[in-house]
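Counting starts at 1 for both ligands and their atoms, in listed order.
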Amino acid sequence: MRNKLIAGNWKMHGSRVANEAWVRALQAEPILESVELAVLVPAPYLAQMQQLLGGSTCVWGGQDVSDQERGAFTGEVAASMLREFGCRYTVVGHSERRQRHGETDVQVAAKAQQALAQDLIPILCLGESLEQREAGKTAQVMRHQLGVLLDILGEGGMARSVLAYEPLWAIGTGRSATPAQVQEVHAWLRQQCAETSPGLAENIQILYGGSVKSSNAVELMTLPDVDGALVGGASLVAQEFLAIARAAAKASQRTE
Ligand code: 13P
């Protein structure tokens, strides 16, 4: 049985005051036993999260990590630094970084390796653009993205990672992929993992990301190959984030 993970990716949002209010709102709610909660914050807020969330059931993490261990890499954050601030997860290969910073599949895998070396769980983002989907290239694009990860991280590294399917056209657009589209891609990704190892396919968590909100969460979280969500905009509002988490908890109870 795979547990569900609801991870909030705040992207470049937050302030010390707003973050504290968010955490207080979260802590005022009953604990959800069957769902893991994580919040992925801008690096300057990691110390605040460590202080506010330490000992709570919501874990925290970064949104990116360097592909280098240490050195003259201005502006980058090493996996050991994320570790020092108590992170459990880090996002790797988000499409916003692939697009804006030209990150390649090989670089994404190298970042994941750095994360794994520090016992962080990389959340490996994959997804196709609208143009690629409309040209019927979704499988081809993802075969390549996933193939590089499988080759470089191997079964062992992948088994300690989480996958996140985030179609670019659904990110921040308010237009989520349909449940049928999500299930089709997630099942396909699991099938691809099965070619490497049936055990890996059975156990790897595959999150969906792209305009997840409380109004579509129940439908998405009930899909058999969806093991949680990577939530952008809706995660900034604690009550929305919690409503998504409750939807995931309800979906897990149904499938138990
Ligand atoms: P939205 O939920 O705002 O569409 O963002 C999704 C995302 O990119 C999460 O990493």
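Looking at P122 and L116, their side chains come closer than 4.5 Å, going by heavy atoms from C-beta outward. By the 4.5 Å heavy-atom criterion applied to side chains, I6 and M221 are counted as neighbours. Between N19 and V39, the closest side-chain pair of non-hydrogen atoms is not below 4.5 Å. The side-chain heavy atoms of Q145 and E128, taken from C-beta on, include no pair separated by under 4.5 Å. Side-chain atoms of T196 and M158, non-hydrogen and from C-beta on, never get closer than 4.5 Å to each other.
Contacts between I171 and ligand 1, counted as non-hydrogen atom pairs separated by less than 4.0 Å, involve both the backbone and the side chain. At a heavy-atom cutoff of 4.0 Å, ligand 1 is contacted by no atom of C125, backbone or side chain.
One finds a salt bridge joining R24 and E20 here, because a Lys/Arg side-chain nitrogen approaches an Asp/Glu carboxylate oxygen to under 4.0 Å.
Close approach of ligand 1 to N9 (heavy-atom distance below 4.0 Å) involves ligand atoms 9 (C), 10 (O). If you number the atoms of ligand 1 from 1 as listed, the ones under 4.0 Å from a heavy atom of L230 come out as 9 (C), 10 (O). Of all atoms in ligand 1, listed by their number and element, those nearer than 4.0 Å to a heavy atom of G210 are 4 (O), 6 (C). Close approach of ligand 1 to A170 is summarised as follows: ligand atoms under 4.0 Å from at least one heavy atom of the residue are 4 (O).
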**Prompt:** Does the side chain to side chain contact (heavy atoms under 4.5 Å, CB included) test come out yes or no for D64 and E103, once each step is laid out?
**Reply:** CA-CA 11 Å; D64 181 35; E103 288 184 12; 3.9 Å; yes
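Of the protein's non-hydrogen atoms, E166 OE2, 2.9 Å is the one closest to atom 9 (C) of ligand 1. Shortest contact from atom 3 (O) of ligand 1 to any protein heavy atom: G233 N, 2.8 Å. Scanning the protein heavy atoms around atom 5 (O) of ligand 1, the nearest turns out to be K11 NZ, 3.2 Å.
Below 3.5 Å of separation, one finds an N or O of S211 facing an N or O of ligand 1. For ligand 1, the polar-atom distance check finds an N/O of G232 within less than 3.5 Å of one of the ligand's N/O atoms.
For the ligand labelled ligand 1, residue K213 lies outside the 4.0 Å heavy-atom shell. Note on ligand 1: A164 sits outside its first shell, no heavy atom being nearer than 4.0 Å. Contact analysis puts G172 in contact with ligand 1, with a non-hydrogen atom separation below 4.0 angstrom.
With rounding to the nearest 0.5 angstrom, the CG atom of D225 is 9.0 Å from the CG atom of L189.
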Distance-only criterion, 3.5 Å: show the donor-acceptor pairs between side-chain atoms of residues 74-88 and protein atoms not counting sequence neighbours.
residue : atom : partner : partner atom : Å
E76     : OE1  : S66     : OG           : 2.5
R83     : NH1  : D119    : O            : 3.2
R88     : NE   : E36     : OE2          : 3.1

